[in-house]
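As structure tokens, the structure follows; a few thoughts come after it.
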2 protein chains.
Amino acid sequence: MGSSKNDLFTSEQNRIAELAKALGHPARIAILEYVIRKNACVCGDIVDELPLSQSTISQHLKALKMAGILQGNVEGAKICYCINPKVWTELNTLMSHFFKTYTNCC
Amino acid sequence: MGSSKNDLFTSEQNRIAELAKALGHPARIAILEYVIRKNACVCGDIVDELPLSQSTISQHLKALKMAGILQGNVEGAKICYCINPKVWTELNTLMSHFFKTYTNCC
DNA sequence: TTTTTTAATCGTAATATTGCGATTAGATAA
DNA sequence: TTATCTAATCGCAATATTACGATTAAAAAA
């Protein structure tokens with residue numbers, strides 16, 4: 001027990017949940033906002049921007065990369081993070097479709 | 001340690017993360033889809049619909065209620081769940097605004 | 001009344017997440 | 001070469017999540 005039973009749900013349900021989960025921490029929202037605000041690939045100065053340790057931020061970056069939302073491109077010793085446009089579109093599409101399925105009833 | 005440091009982030013960052021986290025499990029997506037598909041307030045037959053135990057579903061319902069996404073209205077012995085329209089709009093607004101902040105750069 | 005139904009909560013166990021310091025590996029600089 | 005910088009990973013601890021059976025409280029039915 002303790003782990004979620006992903007095999008019981010559709011792949012779309014699992015994918016929405018996976019992407020939402022990746023957004024489910026304020027530090028990861030802050031990271032994405034920062035990467036977007038810089039409007040370019042941003043290297044490890046995220047660490048200077050957020051009040052969290054380097055290892056913690058690296059973990060959050062990993063979570064965002066695992067979901068596919070962020071890309072990391074190696075640039076010498078530094079690594080350049082940016083939004084993965086395809087996954088961003090996927091996220092937008094899945095969410096807005098999900099939102100549209102509801103129209104007031106109560 | 002172990003708990004997230006919500007006080008380090010803006011209330012908007014925390015709220016987006018809180019709502020996203022509530023969507024961050026396939027069972028909760030399935031619950032919302034079911035409630036929406038019924039296009040009306042739905043009572044506890046969610047338990048018959050999903051392959052999870054009554055107590056587990058009750059926990060997921062609690063998570064959705066805590067985030068405000070679901071409302072539960074007492075109807076005799078049964079409880080009637082439906083989407084909270086205000087929070088649904090809030091969710092839609094926050095997410096679509098968040099999505100719009102990004103335009104391709106890389 | 002007693003019985004049944006409904007949904008929340010309790011108790012427990014397994015697993016996941018969050019966070020940080022320390023270490024590591026690879027690239028760059030001196 | 002050695003030193004430094006960068007970012008991932010390791011190891012650990014605290015806490016949260018997920019899941020289920022059992023119990024509970026309240027309403028409805030018999």
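Below, chains carry the letters A, B, ... as their sequence lines are ordered, and counting in each starts from 1.
Under 4.0 Å is where a charged nitrogen must lie from a carboxylate oxygen, and between A/Glu18 and A/Lys21 no such pair does. For B/Lys38 and B/Glu49, the salt-bridge test fails: no basic side-chain N is under 4.0 Å from an acidic carboxylate O.
Contacts classified as salt bridge (charged side-chain N to carboxylate O under 4.0 Å, His left out) and involving residues 27-36 of chain A (residues at least two apart or in different chains) are not found.
In this structure, of D/dA8, D/dA19, C/dC20, it is D/dA19 that holds the atom nearest to the side chain of B/Leu52.
Annotation: side chain to side chain donor-acceptor pair (under 3.5 Å) contacts of B/Asn92 (sequence neighbours excluded): none. Residues satisfying the salt bridge (charged side-chain N to carboxylate O under 4.0 Å, His left out) test with B/Glu12, not counting sequence neighbours, are none.
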Detail all sub-3.5 Å separations between protein N/O atoms and N/O atoms belonging to nucleotides 11-17 of chain C.
from	atom 1	to	atom 2	distance (Å)
C/dA14	O4'	A/Met1	O	3.4
C/dT15	O4'	A/Met1	O	3.3
C/dT17	OP1	A/Lys21	NZ	3.2

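Taking for each of A/Lys78 and B/His60 the nucleotide of DNA chain D with the nearest heavy atom, the 5'-most of the two is the partner of A/Lys78. Mapped onto DNA chain C by nearest heavy atom, B/Leu61 and A/Gly24 fall at different nucleotides, with B/Leu61 at the one closer to the 5' end.
Of the residues in residues 8-17 of chain B, not one comes within less than 4.0 Å of DNA chain C through any heavy atom.
Side-chain contact between B/Ile46 and B/Leu61 is present, with heavy atoms from C-beta onward closer than 4.5 Å.
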#### Entry: Under 4.0 Å protein heavy-atom contact, by nucleotide of nucleotides 21-30 of chain C - B base, S sugar-phosphate only
BB----SS--
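Nearest heavy-atom pair across A/Gly72 and A/Lys65 is N-CD, 4.3 Å. Heavy-atom minimum distance, B/Ala17 versus A/Pro26: CB-N, 3.3 Å.
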